[in-house]
Peer 1: 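Just passing along the structure, written as structure tokens.
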Amino acid sequence: MDKIKRTIYMYELMKERCSKNGYSENQEKAYTNIINIISNCKTEEEIMKIFKDDPTIYEEVAKALVLDKLNASLKAAKENDYKELEDIYSQRYKEVENDYKKAFETGYENKVLLFFNKHSKKIRIFMDIFYSYILYKGSHPEEKNLEKIKELCIELENMEVSFKELTQIDEFRKCIDLKDSEYNEYVKDVEVLINTKFDNSDFNSVVNNKFEKAWESLKDKETFMKEIGLSELKNTYRASFLVVSPEDENGKYEFINEEREDM
């Protein structure tokens, strides 16, 4: 096989690789163009002269690589429904397509970075609302936790998005490990809470009543309770674990990586 045929074969392999991966349409076209040019040449000298006289042939390959990378990022943005990021990549694609030198200008990367910083902040706030909600509805129904929920929702509004809007986005929905029915109740409850004035008088009353009843039943059994405590002490130790949640609601939690501490 002579050098011209070997060169054509090399570019055909590169073209085939681009064709198979599904993300290199521009590179495939650029390599096809090179194959057509070389195929019409009879000598190596003729090939060298064509490429020397027209440096844009190789430039088109480099341009195609940049365009394909941008196109892959654009597709990913569309699949994840990142409209703002989609616009950034789309604009950059058009700029490079019209003028290859634009590929060497910096600036658009900062726009991408700003988008992801903003997006990460939205996810953090969204999760913080859920954690504050758990605290408020669980063991700490305090005013500061209710106010925290309200503050976080306002913070989202300042980022030009609402809590309700984020709850409708699949990516954010997956952050909250609740069944759909529970998730819908959670969303409704948060929307009520952000317009609710703090009042835990009922909660305090219930807790105080339960405490008083528990104390009444135990205050005459102090010696008995101490004996139980002492007898169980030898079977007790403090430890930390890594907890692995079950795959479904009927599964069991796994406790691994146990680290014991001295009592």
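Please read all numbers here as calculations on a predicted model, not as lab measurements.
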Peer 1: If you measure from CD on E97 to NZ on K102, what distance do you get to the nearest 0.5 Å?
Peer 2: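 Going from CD on E97 over to NZ on K102, the span is 14.0 Å.
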Peer 1: Any chance you could lay out the salt bridge (Lys or Arg N to Asp or Glu O under 4.0 Å) test for K121 and E155, step after step, and finish with the verdict?
Peer 2: CA-CA 10 Å; K121 187 176 181 180; E155 196 170 348; 3.7 Å; yes
Peer 1: Applying the 4.5 Å side-chain criterion to the ILVMFWY set and letting contacts propagate, would I34 and L67 be lumped into a single cluster?
Peer 2: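 Shared cluster, no.
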Peer 1: Checking D128 against K148 for the salt bridge (Lys or Arg N to Asp or Glu O under 4.0 Å) test, could you report, in this order, the C-alpha distance in whole Å, the side-chain angles of both residues, the deciding distance, and whether it holds?
Peer 2: CA-CA 9 Å; D128 284 347; K148 183 67 175 177; 5.7 Å; no
Peer 1: When hydrophobic residues are tied together by side-chain contacts of less than 4.5 Å, even through go-betweens, does L70 share a cluster with L114?
Peer 2: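 Different clusters: L70 never reaches L114 through Ile, Leu, Val, Met, Phe, Trp or Tyr contacts under 4.5 Å.
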Peer 1: For the backbone of N26 and the side chain of D68, can you confirm whether one donor and one acceptor N or O come within less than 3.5 Å of each other?
Peer 2: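 Such a contact is found between D68 side chain and N26 backbone.
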Peer 1: Taking all non-hydrogen atoms of both residues into account, name the closest pair between A30 and A64 and its distance.
Peer 2: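 So the minimum-distance heavy-atom pair works out to CB-CB, 4.2 Å.
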Peer 1: Is there a donor-acceptor pair under 3.5 Å between the side chain of N33 and the backbone N or O of I57?
Peer 2: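 No, the answer is negative, given that no donor and acceptor are paired below the 3.5 Å cut-off.
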Peer 1: Using 0.5 Å steps for rounding, measure from the OH atom of Y23 to the NZ atom of K69.
Peer 2: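 Separation between the atoms: 15.5 Å.
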Peer 1: Please determine whether salt bridge (Lys or Arg N to Asp or Glu O under 4.0 Å) holds for the pair K29 and E25, giving the CA-CA distance in whole Å, both sets of side-chain angles, and the decisive distance to 0.1 Å.
Peer 2: CA-CA 6 Å; K29 290 179 181 177; E25 179 183 350; 3.5 Å; yes
Peer 1: Strictly below 4.0 Å, N to O, side chains only: are R6 and D2 in salt-bridge contact?
Peer 2: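 Salt bridge absent between R6 and D2.
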Peer 1: Do the side chains of D87 and K83 get nearer than 4.5 Å, heavy atoms only?
Peer 2: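 They are in side-chain contact.
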Peer 1: More than 12 non-hydrogen atoms from neighbouring residues, nucleotides or ligands closer than 6.0 Å to CG on N158, yes or no?
Peer 2: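 For N158, atom CG is crowded (more than 12 foreign heavy atoms under 6.0 Å).
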Peer 1: Would you say M225 has more than 12 foreign heavy atoms packed within less than 6.0 Å of its CE?
Peer 2: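 Atom CE in M225 is not crowded, with 12 or fewer foreign heavy atoms closer than 6.0 Å.
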Peer 1: If you define the side chain from C-beta out and look only at heavy atoms, does anything of K164 sit under 4.5 Å from V187?
Peer 2: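 Yes. Closest side-chain heavy atoms under 4.5 Å.
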Peer 1: To the nearest 0.5 Å, what is the distance between CG on L65 and OG on S24?
Peer 2: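 L65 CG to S24 OG: 8.0 Å, rounded to 0.5 Å.
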Peer 1: Might you point out which heavy atoms bring M127 and C175 nearest each other, and give the distance in Å?
Peer 2: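 Here M127 and C175 meet closest at SD-CB, 3.4 Å.
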Peer 1: Please evaluate residues V61 and Q27 with respect to the criterion side chain to side chain contact (heavy atoms under 4.5 Å, CB included), reporting the C-alpha separation (whole Å), side-chain torsions for both, the decisive distance (0.1 Å), and the verdict.
Peer 2: CA-CA 6 Å; V61 176; Q27 292 176 81; 5.8 Å; no
Peer 1: Does L156 form a side chain to side chain contact (heavy atoms under 4.5 Å, CB included) with S162? I'd like the steps, not just the answer.
Peer 2: CA-CA 6 Å; L156 286 177; S162 69; over 6 Å; no
Peer 1: Kindly indicate whether the side chain of T167, heavy atoms from C-beta on, has any atom under 4.5 Å from the side chain of Y186.
Peer 2: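 No - every pair of side-chain heavy atoms lies 4.5 Å or more apart.
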Peer 1: Just wondering, are more than 12 heavy atoms of other shown residues or ligands nearer than 6.0 Å to OH in Y183?
Peer 2: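 Buried by this count: over 12 neighbours within 6.0 Å.
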Peer 1: Would you say the side chain of V112 lies within less than 4.5 Å of the side chain of Y89, judging by non-hydrogen atoms?
Peer 2: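 In short, these two side chains touch, coming nearer than 4.5 Å.
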Peer 1: Name all residues meeting the side chain to side chain contact (heavy atoms under 4.5 Å, CB included) criterion together with V244; count only those two or more places apart in sequence or in a different chain, and write none if there are none.
Peer 2: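 V244 satisfies side chain to side chain contact (heavy atoms under 4.5 Å, CB included) with E254, I256 once adjacent residues are dropped.
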Peer 1: Should the pair K150-E147 be classified as a salt bridge under the 4.0 Å nitrogen-to-oxygen rule?
Peer 2: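 Looking at K150 and E147, the cut-off is met.
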Peer 1: Hey, mind stepping through K42 and E46 against salt bridge (Lys or Arg N to Asp or Glu O under 4.0 Å) and telling me if it holds?
Peer 2: CA-CA 7 Å; K42 293 185 172 24; E46 186 180 356; over 6 Å; no
Peer 1: So V161 and K122, do their side chains get closer than 4.5 Å, heavy atoms only?
Peer 2: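 Yes, close enough: below the 4.5 Å cut-off.
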Peer 1: Could you pull out the closest heavy-atom pair between C41 and I4, with the gap in Å?
Peer 2: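 Heavy atoms only, the tightest pair is O-CD1, 4.1 Å.
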Peer 1: Apply side-chain hydrogen bond (donor to acceptor under 3.5 Å, both in side chains) to Q91 and list each qualifying residue two or more places apart in sequence or on a separate chain.
Peer 2: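 Testing Q91 for side-chain hydrogen bond (donor to acceptor under 3.5 Å, both in side chains), a comparison that skips the adjacent residues, returns E95.
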Peer 1: Pick one: which of E171, R124, E84 meets side chain to side chain donor-acceptor pair (under 3.5 Å) with H119?
Peer 2: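 Only one option passes, and that is E171.
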Peer 1: Tell me yes or no: between the side chains of Y133 and D189, is some donor less than 3.5 Å from an acceptor?
Peer 2: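 Present: a donor and an acceptor within the cut-off.
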Peer 1: Working note: Y9 + K5, criterion side chain to side chain contact (heavy atoms under 4.5 Å, CB included); need CA distance, chi angles, decisive distance, verdict.
Peer 2: CA-CA 6 Å; Y9 180 63; K5 288 182 179 179; over 6 Å; no
Peer 1: Hydrophobic clustering (ILVMFWY, side-chain heavy atoms < 4.5 Å, transitive) - are V190 and M159 grouped together?
Peer 2: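 Looking at the clustering, V190 is in the same group as M159.
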Peer 1: Aromatic rings F172 and F126: how do their planes relate, parallel, tilted or perpendicular, breaks at 30° and 60°?
Peer 2: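 F172 and F126: perpendicular rings.
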Peer 1: Are I38 and I50 joined in one hydrophobic group, where the rule is that I, L, V, M, F, W and Y side chains link up if heavy atoms are under 4.5 Å apart?
Peer 2: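 Yes; I50 is reachable from I38 via cluster members.
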Peer 1: Where the side chain of R92 meets the backbone of E109, is there a donor-acceptor pair that is under 3.5 Å apart?
Peer 2: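 No, the answer is negative, given that no donor and acceptor are paired below the 3.5 Å cut-off.
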Peer 1: For the residue pair I125 and I129, establish whether any side-chain heavy-atom pair is separated by less than 4.5 Å.
Peer 2: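 The answer is yes; the side chains approach within 4.5 Å.
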Peer 1: Quick one: are L146 and L193 in side-chain contact, heavy atoms under 4.5 Å?
Peer 2: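 Yes, their side chains come closer than 4.5 Å.
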Peer 1: Nearest 0.5 Å, what's the NZ-CD1 distance between K52 and I47?
Peer 2: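 Here the interatomic distance stands at 15.5 Å.
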Peer 1: So do E182 and E185 actually touch side chain to side chain, heavy atoms under 4.5 Å?
Peer 2: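 No, side chains not in contact.
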Peer 1: Taking only Lys NZ, Arg NE, NH1 and NH2, and the carboxylate oxygens of Asp or Glu, determine whether K49 and E45 approach each other closer than 4.0 Å.
Peer 2: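 Salt bridge between K49 and E45, a charged N being under 4.0 Å from a carboxylate O: no.
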Peer 1: Please say yes or no: joined through hydrophobic side-chain contacts below 4.5 Å, possibly via intermediate residues, are Y58 and V66 part of one cluster?
Peer 2: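 Different clusters.
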Peer 1: Please determine whether side chain to side chain contact (heavy atoms under 4.5 Å, CB included) holds for the pair Y93 and N71, giving the CA-CA distance in whole Å, both sets of side-chain angles, and the decisive distance to 0.1 Å.
Peer 2: CA-CA 7 Å; Y93 187 96; N71 198 36; 4.0 Å; yes
Peer 1: Nearest 0.5 angstrom please: I228 CD1 to K221 NZ, how far?
Peer 2: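 Between atom CD1 of I228 and atom NZ of K221 there are 9.5 Å.
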Peer 1: Regarding S39 and N36, do their side chains bring together a donor and an acceptor under 3.5 Å, going by distance alone?
Peer 2: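 Not at all, the side chains of S39 and N36 share no donor-acceptor pair under 3.5 Å.
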Peer 1: Please find the pair of heavy atoms, one from C153 and one from F163, that lie closest to each other, and give the distance.
Peer 2: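 Heavy atoms only, the tightest pair is SG-CB, 4.1 Å.
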Peer 1: Closer than 3.5 angstrom, by distance alone: can the side chain of D54 be matched with the main-chain N or O of T56 as a donor-acceptor pair?
Peer 2: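 The answer is yes, because a donor-acceptor pair under 3.5 Å joins these two groups.
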Peer 1: Rounded to the nearest 0.5 Å, what separation is found between the CD1 atom of I134 and the CG atom of N145?
Peer 2: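 CG of N145 is found 11.0 Å from CD1 of I134.
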Peer 1: What are the two closest non-hydrogen atoms of V96 and K63, and how far apart are they?
Peer 2: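 Answer, listing the atom of V96 first, then K63: O-CE, 3.3 Å.
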Peer 1: Would you indicate whether Q168, at its atom CD, is surrounded by more than 12 heavy atoms from other residues, nucleotides or ligands within a distance under 6.0 Å?
Peer 2: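 Correct, the count exceeds 12.
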